[in-house]
2 protein chains.
Amino acid sequence: MSSITVLLVDDHLVVRSGLKALLGTQPDIEVVAEASSGEEALVAAEGHAPDVVVMDLAMGPGMDGIEAIRKLRERNRRQAVLVFTTYDSDADIVRAVDAGAMGYLLKDAAPEEIFAAVRGAVQGKSVMSPPVASRLFQQLRNPDEVLTPREAELLSLLTEGLSNRELGQRLFISEATVKTHLAHIYAKLGVETRAAAIATAIRREGMR
Amino acid sequence: MSSITVLLVDDHLVVRSGLKALLGTQPDIEVVAEASSGEEALVAAEGHAPDVVVMDLAMGPGMDGIEAIRKLRERNRRQAVLVFTTYDSDADIVRAVDAGAMGYLLKDAAPEEIFAAVRGAVQGKSVMSPPVASRLFQQLRNPDEVLTPREAELLSLLTEGLSNRELGQRLFISEATVKTHLAHIYAKLGVETRAAAIATAIRREGMR
DNA sequence: TGGTCTCTCAGCCTTTTGGCTGATACCGCA
DNA sequence: TGCGGTATCAGCCAAAAGGCTGAGAGACCA
């Protein structure tokens, strides 16, 4: 049987190097390409057609991980994408799953977890780190507090300090719509001001 | 000649694995131990007496990197500590240097930079990633941008999401004074809104 | 097919924030 | 003794944000 081919996407060379070393110990897994940005990832995925893409979400300027996942999935729905990131932010989890991610791993995951996730991904199985799974589970119980993908996207931009007008321009929606989303976000986060929402988002939601 | 012995401290196995793989390519550098927390680092440093300790600052619960650096330096001043972290927070840089760190590298540094930093550290040379160095440099040149104690106090409360009125009540000053301080803070941080100030404070200044 | 969710937009009004100018008081240091 | 830095406060005005109500379009699902 042929081995599982993997594309690594992370803007840190050290992390790619570590993942490659870890995955390299498994006879049935082969890292066939690496990329350090969303743009590079698309090119590499095109050229190498890997079975699984292991991707970080935070990747400096340019296309972010979520966007890259969406684009990858648009082009090839048989390619599984595994998120491999540092933070178990509620919003990021929701957005990544929404974008089509097959699994969500944290960087402090045990090697066996990572191997299992890669193997599971090619079989269409969804694998999550326990902390991630428990967050999703808790959200299922309190659906009222779950941000929609759009809200999460907006909150993410909010933490960059943008004004309502700028948010509207960035998302191609009117200022009125921005305010509507914000009102919903505040209610779900249990805050009353934009300042508190940003503080909550960065600290609790791990958005940075 | 004997090679340089290194202790790796990072709570992420992947990062340790990657660093080990990278450093392993150099004949004169040898990773002799690893630790995943500040506490473990102290024990490992005791047992292996490495020439250089390469350490992440953010390490989950327990002793943080800064604290670990301080303790390591207290015990053995000949042991060089290199900070190897993701964020170039002004506050973290200052605190790490203050605690006795010999160098400050970012995780997206090139391998050559890392090798050079390790070699430099044993010779008592201080090595910084360019972005880090430029931050320190800029602070020295622009003392105008350093927050006064009162301003820092206010900024800290600001990141909790308080309104001007609440800030005034908390600090026993009028709302007018709060606004004056805020205007100065915005100018020093180079932002124009409270939202951006909070984002900057939490991310860049490491206030959280 | 009807209900629910999500995303979109509008208008109106109040509160908050930010920009500006100017002022007083204290402290340390030249 | 005077100057610069810090902290305090006031008033005025414009801009931004927030609260509220209502509403249409599309997706999804029972």
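Computed over heavy atoms, backbone and side chain alike; hydrogens, waters and symmetry mates excluded. A, B, ... follow the sequence lines: proteins, then strands. Residue 1 opens every chain.
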Could you give the NE2-to-C1' distance, from A:H181 to D:dG19, as a whole number of Å?
-> 17 Å

When you measure from the side chain of A:Y186, which nucleotide among C:dG19, D:dA10, D:dG19 comes out closest?
-> D:dG19

Can you check whether A:S174 has a side-chain N or O nearer than 4.0 Å to OP1 or OP2 of C:dC9?
-> yes

Closer to the 5' end of DNA chain D via nearest nucleotide, is it B:I173 or B:T193?
-> B:I173

With heavy atoms under 4.0 Å as the rule, sort A:T177 into base, sugar-phosphate or nothing.
-> base

Between C:dC7 atom C1' and A:L182 atom CG, what is the distance in whole Å?
-> 14 Å

Does A:T148 place a side-chain N or O at less than 4.0 Å from the phosphate oxygens OP1/OP2 of C:dC7?
-> yes

Select base, sugar-phosphate, or nothing to describe what B:E192 touches, counting heavy atoms under 4.0 Å on all strands.
-> sugar-phosphate

Integer-rounded Å distance: D:dT6 C1' and B:E153 CD = 13 Å

note: A:L154, atom CG; C:dT6, atom C1'; distance rounded to Å ~ 14 Å

With respect to the side chain of A:A176, which nucleotide from D:dT8, C:dC9, C:dT8 is positioned closest?
-> C:dC9

Is the distance from OP1 or OP2 of D:dA17 to the nearest side-chain N or O of A:N164 less than 4.0 Å?
-> yes

Output the single nucleotide from D:dG18, C:dC7, C:dT17 whose closest atom is nearest the side chain of A:E151.
-> C:dC7

A:V14 versus B:H12: any side-chain heavy-atom pair under 4.5 Å?
-> no

Using atom types as modelled and distance alone, determine if a side-chain donor or acceptor of B:S17 lies under 3.5 Å from a backbone N or O of B:L13.
-> no

Do B:T85 and B:Y104 come close enough that some side-chain heavy atom pair is under 4.5 Å?
-> yes

Answer yes or no: does a side-chain N or O of B:R150 lie under 4.0 Å from OP1 or OP2 of D:dT8?
-> yes

Between B:T177 and B:T180, is any side-chain donor less than 3.5 angstrom from a side-chain acceptor?
-> no

Whole-Å distance between D:dA15 P and A:E166 CD?
-> 16 Å

B:H184 vs A:R165, nearer the 5' end of DNA chain D by closest nucleotide = B:H184

How long is the line joining CD1 of A:I185 and P of C:dT6, in whole Å?
-> 13 Å

How many Å lie between CD on B:E175 and C1' on C:dT17, as a whole number?
-> 9 Å

Interatomic distance, B:R194 CZ vs C:dG19 C1' [rounded to whole Å] = 14 Å

For the base of C:dC9, is there a side-chain donor-acceptor partner from A:T180 under 3.5 Å away?
-> yes

Answer yes when B:E67 and B:K71 have at least one side-chain N-carboxylate O distance shorter than 4.0 Å, and no when they do not.
-> yes

